Amino acid sequence: MKGVTGGGARLELAGGVEPLRRARLFVRLQAERCGLQECGDDAALAAAEPLDGAEGDAVPAAVQVGAADGGLLVAVELRGRRLLHLREHSEALLSGLSSCWGWEARPRGVHVWCRLGGDDAHQEGRAGTGERCGGRS
């Protein structure tokens, strides 16, 4: 997961029941574990958007959460497509909830990440990623 040092927690969603509900609960709990409960609701919404707002045949595979630079980093893996196509309102919501978000193609799908709170001075960019920074701090 982009920018997480050490061990973020990961929840596999493929084949599970109610992946959206499980992902939201998991993200809130991990935010509390990281001492960032104030980010929990926003992080849960931000994780849900790529899971629910992706167009096409993308399938939710996993969600990962960890502390990074004093904030929270949330990543979602989608299997299937190697390009991310989010609905316009999903992109707007991600930009509004997070200080920075982006995506990158992976061999089996797409990796979507967002950063909530913390120090955004260190933001990575990679070729092939879609990255949008400058949302909420």
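Values in this document were obtained by computation on a predicted structure and should not be read as measured data.
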Chemist: Going from CH2 on W103 to CG on L78, what distance comes out if it is rounded to the nearest 0.5 angstrom?
Modeler: 11.0 Å

Chemist: Say you draw a straight line from CD of Q30 to CD of Q37; how long is it, rounded to the nearest 0.5 Å?
Modeler: 13.0 Å

Chemist: Answer yes or no: is there a side-chain heavy-atom contact under 4.5 Å between C114 and L97?
Modeler: no

Chemist: Can you name the closest pair of heavy atoms from L72 and A43 and give their distance?
Modeler: CD2-CB, 3.7 Å

Chemist: Would you say the side chain of L116 lies within less than 4.5 Å of the side chain of L36, judging by non-hydrogen atoms?
Modeler: no

Chemist: Rounded to the nearest 0.5 Å, how far does CG of L51 lie from OG of S90?
Modeler: 10.5 Å

Chemist: Any idea which heavy atoms bring V27 and A47 closest together, and the distance?
Modeler: CG2-CB, 3.8 Å

Chemist: Are the side chain of R22 and the backbone of E12 linked by a donor-acceptor contact shorter than 3.5 Å?
Modeler: yes

Chemist: Does W101 reach the side chain of E91, with side-chain heavy atoms less than 4.5 Å apart?
Modeler: yes

Chemist: As an exercise, state the distance from CD of E49 to CG of L20, rounded to the nearest 0.5 Å.
Modeler: 9.0 Å

Chemist: For L86 and V112, run side chain to side chain contact (heavy atoms under 4.5 Å, CB included): C-alpha distance rounded to whole Å, both residues' side-chain angles, the deciding distance at 0.1 Å, then the answer.
Modeler: CA-CA 11 Å; L86 288 177; V112 184; 5.5 Å; no

Chemist: Are the side chains of D69 and R115 in touch, meaning some heavy atoms are under 4.5 Å apart?
Modeler: yes

Chemist: Determine whether Q64 and H111 make a side-chain contact, defined as any pair of heavy atoms from C-beta on separated by less than 4.5 Å.
Modeler: no

Chemist: Measure the CG-CG distance between L11 and L25 for me, rounded to the nearest 0.5 Å.
Modeler: 9.0 Å

Chemist: Does a sphere of radius 6.0 Å around CZ in R33 hold more than 12 heavy atoms from other residues, nucleotides or ligands, not counting ones at 6.0 Å or beyond?
Modeler: no

Chemist: Rounded to the nearest 0.5 Å, what separates atom CZ in R24 from atom CZ in R28?
Modeler: 7.5 Å

